[in-house]
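Every heavy atom of this structure was used, including side-chain atoms; hydrogens, water molecules and symmetry mates were not.
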Amino acid sequence: MLRRKPTRLELKLDDIEEFEGVRKDLEGRKKQREEAEAAAGEEAAAAATALALGTEHKSREQLVNERIGYKPQPKAGGRAAHFGTFEF
């Protein structure tokens, strides 16, 4: 592999101005996103309070199962369900 001397980089005034502009733009977007999340968080808290005060009370396990889409099915009991229909 050939080895070469390091390239010298110079920071110019235009580069600094461009950096400042991009940084201000990103900070503005971040602030807007945080405000939107704060407003959404307040709405979610209000909805959670309404659910908590509602007539339908669910256990933590049921809430998690609904959130992840798990629908537990009861297993059929008895020997035949586990071992087939073997006759002894």
Side-chain angles (χ1 to χ4, degrees):
M1 175 187 245
L2 295 176
R3 201 159 172 141
R4 64 183 186 135
K5 294 182 181 181
T7 306
R8 184 170 193 86
L9 297 176
E10 295 181 16
L11 187 60
K12 298 178 183 175
L13 185 60
D14 294 339
D15 297 331
I16 296 172
E17 290 173 354
E18 181 181 354
F19 172 75
E20 292 295 328
V22 170
R23 188 178 75 179
K24 287 180 182 178
D25 185 42
L26 289 174
E27 287 176 355
R29 288 182 187 176
K30 183 178 179 182
K31 184 180 276 188
Q32 287 177 348
R33 188 176 345 115
E34 288 174 352
E35 290 172 356
E37 288 175 355
E42 291 172 1
E43 292 174 3
T49 304
L51 281 176
L53 297 176
T55 59
E56 189 175 326
H57 297 288
K58 296 182 180 178
S59 70
R60 184 172 188 268
E61 182 180 353
Q62 289 172 332
L63 293 173
V64 170
N65 288 345
E66 283 182 8
R67 188 173 62 232
I68 64 173
Y70 175 68
K71 295 179 179 143
Q73 299 294 326
K75 292 184 178 181
R79 277 181 103 126
H82 295 291
F83 299 108
T85 56
F86 296 124
E87 296 293 326
F88 294 108

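Taking a 4.5 Å side-chain heavy-atom cut-off between Ile, Leu, Val, Met, Phe, Trp and Tyr, the cluster of Phe19 contains only that residue. Hydrophobic cluster membership for Leu13: none, as no Ile, Leu, Val, Met, Phe, Trp or Tyr side chain comes under 4.5 Å of it. Taking Ile, Leu, Val, Met, Phe, Trp and Tyr as hydrophobic and joining them when side-chain heavy atoms fall under 4.5 Å apart, one finds Ile16 in a cluster with Leu11.
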Donor-acceptor pairs under 3.5 Å, side chain of residues 21-33 to any protein atom, not counting sequence neighbours: which ones?
| residue | atom | partner | partner atom | Å |
| --- | --- | --- | --- | --- |
| Arg23 | NH2 | Glu20 | OE1 | 2.9 |
| Asp25 | OD2 | Arg29 | NH2 | 3.3 |

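Sorted pairs that involve residues 1-10 and meet side chain to side chain donor-acceptor pair (under 3.5 Å), not counting sequence neighbours, are lacking altogether.
The side chain to side chain donor-acceptor pair (under 3.5 Å) search around Asp14 returns none, not counting sequence neighbours.
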